Asker: 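Take a look at this one; I'll ask things after.
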Amino acid sequence: MLIAAILRTKGADVVSVAPDATVASLLTELARHNIGAVVVARQETLIGIVSERDIVRHLQRRGPELLEAPVSDIMTADVVTCTPEDTVEGISEHMTRRRFRHVPVTSEGRLAGIVSIGDLVKSRLRDLEDNRALLEGYIHGR
Ligand code: AMP
């Protein structure tokens with residue numbers, strides 16, 4: 001199965017923040033959209049990703065003053081992306097190996113969506129269930 005199939009259901013919306021937005025406003029975005037990571041973009045160019053893990057880690061080090069710091073202080077700048085043509089299996093393996101749960105999708109250099117480990121697990125489960133139903137149908141001659 002391809003990442004494109006997930007985006008067809010989920011859509012291409014990506015919540016993003018500017019690098020100079022404060023960590024407090026980032027928290028507002030995470031809560032408002034009920035998500036665990038946002039991409040950091042400058043004029044539609046992807047320059048980083050920041051997840052709830054980054055906030056927790058830096059909050060422990062810097063204390064509450066972190067809330068007024070810019071998002072660029074805590075983002076990961078070296079973002080791993082994928083394309084709609086990548087396979088769900090390949091990207092799942094990559095995420096497990098690198099220990100992150102979000103991958104932005106780009107197409108022709110532009111942001112085309114974002115997938116989380118939850119999206120990938122859901123899609124793989126559906127795929128397995130479909131295959132099981134097919135096999136059962138085959139075995140029982142349905
Ligand atoms: P997560 O598991 O997505 O909450 O992220 C764990 C750590 O990996 C955080 O430091 C994130 O900034 C970083 N991270 C998350 N997604 C990516 C990605 N696609 N590329 C690079 N780093 C990432």
Side-chain angles (χ1 to χ4, degrees), residues 1-139 142:
M1 177 164 303
L2 299 183
I3 295 293
I6 295 181
L7 294 185
R8 270 198 291 278
T9 322
K10 177 175 182 194
D13 285 352
V14 183
V15 178
S16 68
V17 293
D20 57 356
T22 62
V23 173
S25 69
L26 164 67
L27 283 175
T28 306
E29 289 303 301
L30 293 177
R32 181 184 322 168
H33 297 280
N34 195 22
I35 53 178
V38 299
V39 305
V40 185
R42 190 185 282 124
Q43 274 135 33
E44 299 195 14
T45 303
L46 175 70
I47 60 164
I49 188 162
V50 59
S51 88
E52 50 204 0
R53 263 188 215 177
D54 298 311
I55 301 171
V56 170
R57 200 179 310 136
H58 284 84
L59 195 56
Q60 193 272 332
R61 265 188 232 144
R62 290 173 60 171
E65 74 175 43
L66 179 73
L67 295 178
E68 294 314 313
V71 163
S72 54
D73 275 14
I74 66 168
M75 72 183 190
T76 302
D78 189 12
V79 186
V80 173
T81 60
C82 67
T83 72
E85 291 74 39
D86 281 316
T87 64
V88 170
E89 292 77 11
I91 298 304
S92 305
E93 200 186 301
H94 205 65
M95 286 165 109
T96 308
R97 197 156 14 93
R98 299 284 303 268
R99 294 176 185 274
F100 47 64
R101 297 167 292 177
H102 303 89
V103 175
V105 187
T106 60
S107 180
E108 291 164 10
R110 298 177 71 98
L111 263 176
I114 186 165
V115 290
S116 72
I117 195 81
D119 298 325
L120 302 190
V121 168
K122 211 188 317 167
S123 132
R124 293 188 79 181
L125 273 179
R126 197 173 310 129
D127 212 24
L128 284 172
E129 278 162 14
D130 288 352
N131 281 342
R132 192 188 64 174
L134 268 178
L135 282 173
E136 277 179 0
Y138 178 72
I139 290 165
R142 286 198 292 258

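Whatever order the structure lists them in is the order used to number ligands and atoms, beginning at 1. Scope of the values below: all heavy atoms of this structure, side chains included, with no hydrogens, waters or symmetry mates. What you see is a predicted model; the values in this text were computed from it and never measured. Residues take their numbers from the sequence shown, with the count starting at 1.
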Asker: Distance under 4.0 Å to a non-hydrogen atom of P104: what atoms of ligand 1 satisfy this?
Answerer: 19 (N)

Asker: For atom 3 (O) of ligand 1, which protein heavy atom lies nearest, and how many Å away is it?
Answerer: H102 ND1, 2.6 Å

Asker: At what distance is the nearest protein heavy atom to atom 8 (O) of ligand 1, and which residue and atom is it?
Answerer: F100 CB, 3.6 Å

Asker: Does T76 reach ligand 1 with a nitrogen or oxygen that is under 3.5 Å from one of the ligand's nitrogen or oxygen atoms?
Answerer: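 Yes; at least one N/O pair falls below 3.5 Å.
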
Asker: Checking a contact table here: which protein heavy atom is nearest atom 20 (N) of ligand 1, and how many Å away?
Answerer: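 Its nearest protein heavy-atom neighbour is V80 N, 2.8 Å.
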
Asker: Quick check for you: to the nearest 0.5 Å, what is the distance between R57 atom CZ and E52 atom CD?
Answerer: 11.5 Å

Asker: Flag yes if more than 12 heavy atoms outside D13 fall under 6.0 Å of its CG atom; otherwise flag no.
Answerer: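 Atom CG in D13 is not crowded, with 12 or fewer foreign heavy atoms closer than 6.0 Å.
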
Asker: Does T81 have a non-hydrogen atom less than 4.0 Å from ligand 1?
Answerer: no

Asker: Would you please determine whether G48 falls within less than 4.0 Å of ligand 1 on a heavy-atom basis?
Answerer: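 Checking ligand 1 against G48, which is what was asked, there is no heavy-atom contact under 4.0 Å.
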
Asker: Do me a favour and list the nearest non-hydrogen protein atom to atom 21 (C) of ligand 1 with residue, atom name and distance?
Answerer: D78 O, 3.4 Å

Asker: Can you tell whether the side chains of R126 and E129 come within less than 4.0 Å, N to carboxylate O?
Answerer: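 Result for this pair is no, no salt bridge flagged.
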
Asker: For atom 11 (C) of ligand 1, which protein heavy atom lies nearest, and how many Å away is it?
Answerer: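 Looking at atom 11 (C) of ligand 1, the protein heavy atom closest to it is D54 OD2, 3.3 Å.
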
Asker: For atom CG of N131, is the number of surrounding heavy atoms from other residues, nucleotides or ligands below 6.0 Å larger than 12?
Answerer: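 Yes, CG of N131 has more than 12 neighbouring heavy atoms, counting only those of other groups under 6.0 Å.
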
Asker: Using a 4.5 Å cut-off on heavy atoms from C-beta on, say whether the side chain of P19 contacts that of V71.
Answerer: no

Asker: Please report which non-hydrogen protein atom sits nearest to atom 5 (O) of ligand 1, along with the residue it belongs to and the distance in Å to one decimal place.
Answerer: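 For this ligand atom, the closest protein heavy atom is S51 OG, 3.4 Å.
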
Asker: Does any N or O atom in V103 lie less than 3.5 angstrom from one in ligand 1, N or O only?
Answerer: no

Asker: Determine, using heavy atoms of R57 and all atoms of ligand 1, whether some pair is separated by less than 4.0 Å.
Answerer: yes

Asker: Within a 6.0 Å radius of atom CZ on R97, are there more than 12 heavy atoms belonging to other residues, nucleotides or ligands?
Answerer: yes

